[in-house]
Amino acid sequence: MIRSYLRKAFEEGTMISDFNLRSAALLGAPAHIIFYFLFKYGFHLPYENFYLRLAATLLSFFVLFRKKLPEQLRKLFPYYWHFSIIFVLPFIFTFNLLMNNFHELWLYWEIFMLFILITYIPNWLIFLVDLFIGVAAAIVMFLFLSRGLVLDPKFDIQLYSIVIFFTVVAGYIFSYSNKKGQLAQEKNAALHALAVGIAHEMRNPLGQVRYNLEAIQDALPLYYPGNNVHQIDENVLEKIYAGIAQGQMALHRGVQVIDMILEEVKNEAPYSSAFTYLSAAVVTRQALDEYAYESDEERCKIRVSIEDDFMFKGVESMYVFVIFNLVMNALYFLRLYPKGGIYITIRRGERMNSVLVRDTGPGIGKENLARIFDTFFTSGKKGGTGLGLAYCKRVMNLFGGDITCDSVQGEYTEFNLRFPVLDDDELTNYEEQLYRDNREAFNGKRLLLADNDLNHRAKLNGMLKPLGLEIDMAEDGEKAFQMISSGHYDLLLCEMALPVYDGYRLTALLNGSGGTTLRLPIVTYSNEPAYLYCGRAGKTGISVLLSKPLMLQPLVSALSAALRMKTEMSDRKDLSHKNVLLVDDSSVNRIAVKAMLRHIGIGSVVEAANGVDALDILEKTPLDLLLLDIQMPVLDGLEVAKQLRKGSSINRSIPIIAMSGESDRTVIQEAIMSGMDAYIVKPVDRLIMQQKILQAL
């Protein structure tokens, strides 16, 4: 706790704003040289030292170069800042006070020094530490250089001490009041920027949703009561499914955009458990596939060159958004450069691996190049918020790397995403640990691998064998159907583009349309982005979808998820007798969640629009599960959970699943502490909802 308080005090006492830097340089640097000549030749004071004044001038001047320092040195700048403050203010002022035998002029300047020091060091503890170090160093140096000089102060020390004390108190009262006002202004500015940021960034996914809804509407045949609708053409159905899939992906990315902006504003870091090993080539192509281009022309502007793929440790969704930001910015500026393009290069290095994103657009001016990663700084982009590149910087630092920018105005802009080189032993240990963690779940299970590419089948077989799976192979969909129909298998892993029966047809046959109901967990993969065929594939009964090339961790996770879903479905008892209380102040949310509950077989759903009504129902009606919104009028979900757990209701021990649009960790922790058993972030995902409910019941 003490260490945490000291760290917080140091951060508060090191609020290095641009104003602080400029004022320190513009006031401190020339003032020391000017006062040297003024005090020595104007007031003829007994002692002045040109070299001390010159050192103070240089220390003050060099603070302006903070933003030009390399990232590693920039992290050390707070210590340089405090050293400079200590030297320039308490050390020099106190040393000159002593060497001039408490001259009246230096007594005034010592009071002035305290007031200025308070302005630069707003935390009282760090202020006292810096003041003590500076004064102590001045006394030591005085004793070392004075050569027996005897001090003979001609002023009332007690009265002067009272003035010093009230100067410090008044200074901190003024500083505190000023800080409160400044924080209020900064908070308003941050909230404004947050609102603008969410509105700006959400236009892209919402625009894509609208476009796909319009495309679906155009594809559907005209219908009105009494009109006979003819069977929809296959091509039209393909367009409808593609539109649904793209709309779902846009909504998914929209939610992630909101989370990204909130994380940036709140400066939250993901849990280390969310980090995994990723292929730079695979996730970069995934990001480019999923980006919401405004036209095919935009998509064709991007060229990818994979010189040598590499692995890095990070969070997939965060990296995808880094690529999204860089591509979005580049496409924005390329609108005025129709012949320009975006060139992405994936390159392995000796010390650092790189993903280079270069656009041949207008470039960035030198005056802005050093500031482009600062939060809320924007240049040249109308409607920009200055959050995107700051987020990219933060993500790359979290990954243990960095992002830098090189640009020549009128020629190009190139961002270099730099990743630490992973040791071969680290990757080997990771794969071995992955196999160890999953071997028990897969050991003895039978898997059928259906793929018409012999080499790819061999590669997948080698990847999956260490899990202890018994693997059989088929080269086409018809052979796979025959093998599954005549033998027992726990999993099917297949290519979507199989000969004879493709993945869609094979899945449909296995799930009933061909006269059998084997209900086999099916994981499919394709050269196409998975989101493009998720709507149609999910409708046929496919469990998990993947995009090629297949990597070990996503493949194992997909197979594990498919097995889990099979186990949950087979172990699931009849839920038709279960009674659920759904509490949410939004009628739209209640309708959507109620439909999900019906889908998984819940028999009875009781509804309430606020916490007071919910507690009244809980007192009278025996229930099996409580789905509880957190933010509600009258009485919120947290208070409902607390009162329920502390009371004597017949439902005191009922499982509670929280539902909220808030993903902040402190809110989630508060919900769990209030007595809730699980937490779901809105908008509610049906599969996650189903999993949480099955676990609770």
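Values below: all heavy atoms of this structure, side chains included; hydrogens, waters and symmetry mates excluded.
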Could you check if a side-chain atom of [X] sits within less than 4.5 angstrom of a side-chain atom of [Y], using non-hydrogen atoms only?
{"X": "Leu288", "Y": "Ile344", "result": "yes"}
{"X": "Glu431", "Y": "Thr428", "result": "no"}
{"X": "Met551", "Y": "Tyr277", "result": "no"}
{"X": "Tyr412", "Y": "Asp359", "result": "no"}
{"X": "Leu326", "Y": "Leu389", "result": "yes"}
{"X": "Leu422", "Y": "Asn353", "result": "no"}
{"X": "Val355", "Y": "Val322", "result": "no"}
{"X": "Pro362", "Y": "Tyr337", "result": "yes"}

Check your understanding: Do you see a donor-acceptor pair shorter than 3.5 Å between the side chains of Thr276 and Tyr430?
Key ->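 Their side chains do contain a donor-acceptor pair, which is all the 3.5 Å distance test asks for.
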Practice item. Answer with yes or no whether the side chains of Asp472 and Tyr489 bring together a donor and an acceptor at under 3.5 Å. Key: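 There is such a pair (donor and acceptor under 3.5 Å, judged by atom type) between the side chains of Tyr489 and Asp472.
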Point to revise | Residue pair Met352, Asp402: steps toward the side-chain contact (heavy atoms from CB on, under 4.5 Å) verdict | key: CA-CA 10 Å; Met352 300 291 285; Asp402 198 5; 5.9 Å; no
Practice item. List the atom of Ala562, the atom of Val523, and the distance in Å for their closest heavy-atom pair. Key: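 Answer, listing the atom of Ala562 first, then Val523: CB-CG2, 3.8 Å.
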Roughly how far, to the nearest 0.5 Å, is [atom2] of [Y] from [atom1] of [X]?
{"X": "Met396", "Y": "Thr404", "atom1": "CE", "atom2": "OG1", "value": "9.5 Å"}
{"X": "Ile471", "Y": "Leu460", "atom1": "CD1", "atom2": "CG", "value": "8.5 Å"}
{"X": "Asp309", "Y": "Thr284", "atom1": "CG", "atom2": "OG1", "value": "8.0 Å"}
{"X": "Met463", "Y": "Leu552", "atom1": "CE", "atom2": "CG", "value": "5.0 Å"}
{"X": "Leu510", "Y": "Ile484", "atom1": "CG", "atom2": "CD1", "value": "4.5 Å"}

**Study point:** Cation-pi, Phe310 ring and Arg348 (6.0 angstrom, 45 degrees)
**Key:**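 Judged by the rule, Arg348 and Phe310 form no cation-pi pair.
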Listing, residues 447-454 side-chain donor-acceptor contacts under 3.5 Å, not counting sequence neighbours, or none:
| residue | atom | partner | partner atom | Å |
| --- | --- | --- | --- | --- |
| Asp451 | OD1 | Asp453 | N | 2.8 |
| Asp451 | OD2 | His456 | ND1 | 2.9 |
| Asp451 | OD2 | Tyr525 | OH | 2.4 |
| Asp453 | OD1 | Asn455 | N | 3.0 |
| Asp453 | OD1 | His456 | N | 3.2 |

Check your understanding: How far apart are the C-alpha atoms of Leu331 and Lys301, what are their side-chain angles, what is the distance that settles it, and do they pass the side-chain contact (heavy atoms from CB on, under 4.5 Å) test?
Key -> CA-CA 9 Å; Leu331 288 174; Lys301 286 182 178 289; 4.2 Å; yes
Exercise for review: Report yes or no: does Asn429 contribute a side-chain atom to a donor-acceptor pair with the main-chain N or O of Asp425 at less than 3.5 Å?
Suggested key: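 It does hold such a pair.
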Point to revise | Where at least one partner belongs to residues 432-442, residue pairs that pass side-chain hydrogen bond (donor to acceptor under 3.5 Å, both in side chains), sequence neighbours excluded | key: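 Sorted pair list: Gln433-Arg436, Gln433-Asp437.
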Review point. Using 4.0 Å as the upper bound for N to carboxylate O, is an ion pair formed by Lys548 and Glu495?
Key: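 So Glu495 pairs with Lys548 through a salt bridge.
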